[in-house]
Every structure is written in C-alpha cells, then in structure tokens.
Q: 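Before we start, here is the structure in question, set down as structure tokens.
If you're wondering where the values come from, they're calculated on a predicted model, not measured in any experiment.
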Amino acid sequence: MKKLLALLFVSLFIVTSCKKVEDDPVVSTSSYKTLTTYMVDNNMDLPDILTDWIVGAPDLADVQPFISAYDIIDIRGAADYSAGHIEGATNSTLADILTHAANTTKPILVVCYTGQTAGHATVALRLSGYEAKVLKWGMSGWRADLAGPWEGNSGATNGNKGIGHANWVTTTTETPVSFGDPGLTLSGDGAAMLQNRIQYMLTNGFKGVTNTSVLDSPGDYNINNYWAQTDVDHYGHIAQAYRVMPLSIANGEIKNIDPSKTVVTYCWTGQTSSMITAYLTVLGFDAASLKFGANSMIYPNLESHQFVTPTVDLPVFPS
C-alpha cells in the first residue's frame with residue numbers, strides 16, 4: 001500500500017511539474033536582442049538614421065531663410081558660444097541636448113566646432129523622435145576665423161599622417177567575420193532600454209581617437225572603413241581594417257562588428273563616423289570615431305570631401 005501511494009505521489013508530481021513548465025515557459029531573451037528588435041521595428045536601423053542628416057552652410061544671401069528653417073542648438077563651450085554664434089541659436093551641452101530639444105518646434109540643426117560632436121547629438125535626437133541634422137564642418141565651415149580646429153587637422157601640412165605610413169596600405173580589406181552580441185543587462189521594454197542607452201551615450205560624451213593611435217597600432221582595434229569599395233581601391237586603407245557597410249541590424253551586418261575590441265570607424269571627415277560611433281555605443285559596443293577622418297591622413301591625395309576654409313564669412317551674433 002505504501003509503495004502504491006508513493007508511486008501515485010511521484011506520478012502526480014511529474015504531471016503537475018510538466019503542466020507548470022507548459023503554463024509558465026521561461027523565455028531567455030537578451031537585452032541586446034530586445035533593444036535591436038525594437039529599433040528595427042520602429043525604423044531606427046542605422047541606414048534609417050544615416051539618411052539626410054547633414055546640411056552645409058548657406059550662401060550669404062540665403063542666411064536668413066536658412067536660419068529661420070531650424071531651431072539651432074549650439075553645443076560648443078559657453079564662452080565660445082557667447083563670443084559669436086549663429087543668430088537665434090541657443091546653447092546646450094551634449095549631455096543636456098534632449099532636455100533642450102523639448103523646447104523646439106522646428107527641425108533641429110546641431111552646431112559644434114567641427115561637425116563631429118554634433119553627430120553624437122544628432123543620433124540621440126533622431127533615436128528620440130526628433131528631426132535633426134548636423135551643420136557640416138560645424139562653425140569651422142561658417143567663418144574663416146572659426147576654422148582653426150579643421151585647419152589644424154587637415155590640409156597639406158596637417159592632414160598627411162597616413163601618407164608614407166607603413167600601416168596605410170593598398171591591399172584588400174579584411175574579410176568580415178561573424179561575432180557575438182555585446183553584453184547588455186537592461187530592464188524594461190525596448191523603448192525603456194533605448195532611452196537608457198541614449199542617455200548613457202550622451203553622458204559619456206563624444207568618444208574619438210587620433211589617427212596616429214590607430215595607424216601605429218591597428219591590431220588594438222576593430223577598424224571599419226566606412227567607404228564604398230571603389231574608394232578603398234582608389235585610396236587604400238588602414239591595415240587590418242574591414243569594410244562593413246551600410247552596417248544594418250536587419251541585414252545582419254552588425255554581426256561583423258567585434259564587441260570584444262574598441263570599434264574604430266573612419267570616413268572622409270569624422271562626421272559620418274561620429275554618427276556611427278554614437279549608434280554603436282547605444283547598442284553596447286565600445287566605439288570610437290577616428291577624428292577628422294581621411295582629411296587628417298591623406299588630405300593631399302583626396303579628390304573630394306576636403307575641408308576648405310570659408311572664403312566668405314557668414315554673420316554671427318553678437319557681430
């Protein structure tokens with residue numbers, strides 16, 4: 001009798017245990033998967049963010065219509081903003097850009113010194129639902145007397161760090177391989193996770209790396225040359241670089257980025273790479289933008305995408 005009761009107990013335990021597993025399944029989904037699925041489903045894949053995101057300075061005659069089309073947020077230091085800014089522009093820090101954006105009613109134009117830090121701000125704004133763009137070249141492209149940052153990092157004298165360097169090569173780029181996902185531990189749904197990561201990126205600020213750091217030690221990084229293949233064939237590239245673009249989550253290209261290394265993206269000017277760096281940071285990668293891009297490495301060889309000091313100074317306030 002005791003054996004029969006024991007057998008019935010074991011049988012009941014097995015049945016109820018199986019039923020519990022069926023009723024309350026344990027689903028193991030990583031934060032990264034939840035975050036990226038939400039972003040793709042809401043048109044926030046990288047190719048969506050890198051669409052119509054940059055605008056050049058206007059001709060002198062078109063300054064007022066240009067200014068009136070945007071709410072302009074200048075994220076330079078307060079002293080430089082006070083010394084001269086685009087009329088109507090308001091001053092903010094990168095970290096506070098979302099708070100500042102809440103007061104806007106027009107498309108936002110983000111202005112910085114060179115157009116690079118503005119890329120981080122614009123990614124945060126676009127991922128937060130705002131229509132935002134970067135002022136190309138920053139205030140360096142607005143007036144000659146503000147062009148110092150670009151002049152000091154491009155041109156025949158200052159933009160030739162890659163020319164003749166042993167790690168600027170003409171071989172084929174590395175064949176992309178597949179890596180695992182970044183490790184993220186986040187709470188909430190996809191929207192909450194995204195908000196968390198955007199604020200993390202803004203709080204930590206613009207992250208850039210110098211050309212010499214990457215050229216001298218390319219093996220320390222996971223390098224992505226964000227150019228068309230024809231441009232790589234024409235100009236060469238940094239040794240050990242990959243060429244992964246458009247770097248879509250939906251298409252699986254994001255799997256070709258190594259989460260175990262600092263991911264360095266470089267482009268022509270450092271402006272596109274800033275956008276990509278900000279985006280990768282949101283996804284959980286350790287990412288950095290190669291500052292000033294090819295303009296700082298092979299400027300004399302470039303046939304386009306070169307910074308040129310403005311020959312007409314556009315007005316600033318106070319004048």
Q: Sub-3.5 Å donor-acceptor pair from the side chain of Ser68 to the main-chain atoms of Pro65, do we have one?
A: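 Yes; judged by distance alone, with no hydrogens or angles, the pair exists.
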Q: Give a yes or no on whether the backbone of Trp268 and the side-chain of Asn295 come within a donor-acceptor separation of less than 3.5 Å.
A: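 Here the side-chain-to-backbone pair exists.
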Q: When you measure from the side chain of Ser140 to the backbone N and O of Leu146, does any donor-acceptor pair fall under 3.5 Å?
A: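 Yes.
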Q: Looking at every non-hydrogen atom in both residues, tell me the closest pair between Leu109 and Leu135 and how far apart they are.
A: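 Nearest pair, atom of Leu109 first, then Leu135: CD1-N, 3.7 Å.
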Q: Calculate, to the nearest 0.5 Å, the distance between atoms CD and OG1 belonging to Glu131 and Thr122 respectively.
A: 11.5 Å
Q: Please find the pair of heavy atoms, one from Ala239 and one from Ile223, that lie closest to each other, and give the distance.
A: O-CD1, 3.9 Å
Q: In terms of heavy-atom contacts, does NZ of Lys133 have more than 12 from other residues, nucleotides or ligands at under 6.0 Å?
A: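 Result for NZ/Lys133: enclosed.
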Q: Would you say the side chain of Pro58 lies within less than 4.5 Å of the side chain of Trp142, judging by non-hydrogen atoms?
A: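 In contact.
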Q: Determine whether Ile54 and Phe66 fall in the same hydrophobic cluster, where Ile, Leu, Val, Met, Phe, Trp and Tyr are linked whenever their side-chain heavy atoms lie under 4.5 Å apart.
A: no
Q: Cut-off 3.5 Å, side chains only: do Ser273 and Thr265 have a donor facing an acceptor?
A: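 Looking only at side-chain atoms, Thr265 and Ser273 do not form any donor-acceptor pair under 3.5 Å.
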Q: Please check if the side chain of Glu253 supplies one atom and the backbone of Ser248 the other of a donor-acceptor pair under 3.5 Å.
A: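 Confirmed, Glu253 side chain pairs with Ser248 backbone.
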Q: Evaluate salt bridge (Lys or Arg N to Asp or Glu O under 4.0 Å) for Arg126 paired with Asp48, printing each intermediate quantity in order.
A: CA-CA 10 Å; Arg126 288 190 161 207; Asp48 301 316; over 6 Å; no
Q: Can you list every pair that meets side-chain hydrogen bond (donor to acceptor under 3.5 Å, both in side chains) and has a residue in residues 101-111, with sequence neighbours left out?
A: none
Q: I want to check something: taking the side chain as every heavy atom from C-beta on, are His165 and Met297 in contact at a cut-off of under 4.5 Å?
A: no
Q: When clusters are formed by joining ILVMFWY residues with side-chain heavy atoms under 4.5 Å apart, either directly or through shared neighbours, do Ile257 and Val232 land in the same one?
A: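 Unlinked, Ile257 and Val232 end up in two clusters.
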Q: Group every Ile, Leu, Val, Met, Phe, Trp and Tyr by side-chain heavy-atom contacts under 4.5 Å, then state whether Ile49 and Tyr130 land in the same group.
A: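 Yes, one cluster joins them.
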Q: Between Tyr113 and Trp150, does the ring centre distance come in under 6.0 Å?
A: no
Q: Do Asn160 and Tyr299 get their side chains close enough for a donor-acceptor pair, meaning under 3.5 Å?
A: no
Q: From Lys291 NZ over to Asn211 CG, what is the distance, rounded to the nearest 0.5 angstrom?
A: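 One finds 9.0 Å between NZ of Lys291 and CG of Asn211.
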Q: Give a yes or no on this: more than 12 heavy atoms of other residues, nucleotides or ligands lie within 6.0 Å of atom CD of Gln229.
A: yes
Q: For Thr90 and Tyr81, which heavy atoms make the closest approach, and how far apart are they?
A: CA-OH, 3.7 Å
Q: Pick one: which of Thr117, Val134, Ile86, Ile75 meets side chain to side chain contact (heavy atoms under 4.5 Å, CB included) with Val111?
A: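 The passing option is Ile86.
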Q: Can you name the nearest heavy-atom pair linking His305 to Thr269, along with the distance?
A: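 Heavy atoms of His305 and Thr269 come nearest at O-CG2, 3.8 Å.
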Q: Taking Ser82 for its side chain and Ala78 for its backbone only, find out whether a donor-acceptor pair lies under 3.5 Å.
A: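 Yes: the side chain of Ser82 pairs with the backbone of Ala78.
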Q: If you round to the nearest 0.5 Å, how far is CG of Leu46 from CE of Met275?
A: 8.0 Å
Q: Would you give the length of the straight line joining atom CD1 of Ile238 to atom CG of Leu290, rounded to the nearest 0.5 angstrom?
A: 5.5 Å
Q: Nearest 0.5 Å, what's the CG-CD1 distance between Leu125 and Ile73?
A: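 Rounded to the nearest 0.5 Å, the CG-CD1 separation comes to 6.0 Å.
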Q: Looking just at side-chain N and O atoms, do Glu151 and Thr309 make a donor-acceptor pair shorter than 3.5 Å?
A: yes
Q: Distance only, no hydrogens: is a donor on one side chain within 3.5 Å (strictly under) of an acceptor on the other, for His100 and Asn91?
A: no
Q: Within the 4.5 Å heavy-atom criterion, are Trp227 and His234 side-chain neighbours or not?
A: no
Q: So, taking the atom named OH in Tyr242 and the one named OG1 in Thr175, what distance separates them when rounded to the nearest 0.5 Å?
A: 8.5 Å
Q: Do you reckon Val177 sits in the same ILVMFWY cluster as Tyr221, going by side-chain contacts under 4.5 Å, direct or chained?
A: no
Q: Quick check on side chain to side chain contact (heavy atoms under 4.5 Å, CB included): which of Asp258, Asn222, Ile276 does Val263 satisfy it with?
A: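 Running side chain to side chain contact (heavy atoms under 4.5 Å, CB included) over Asp258, Asn222, Ile276 with Val263 returns exactly one hit, Asn222.
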Q: Count I, L, V, M, F, W, Y as connected when their side-chain heavy atoms are under 4.5 Å apart, and connections chain through other members. Are Leu184 and Met44 then in the same cluster?
A: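 Both belong to a single hydrophobic cluster.
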Q: Quick check: closest heavy atoms across Pro107 and Ala69, and the distance to 0.1 Å?
A: CD-O, 3.8 Å
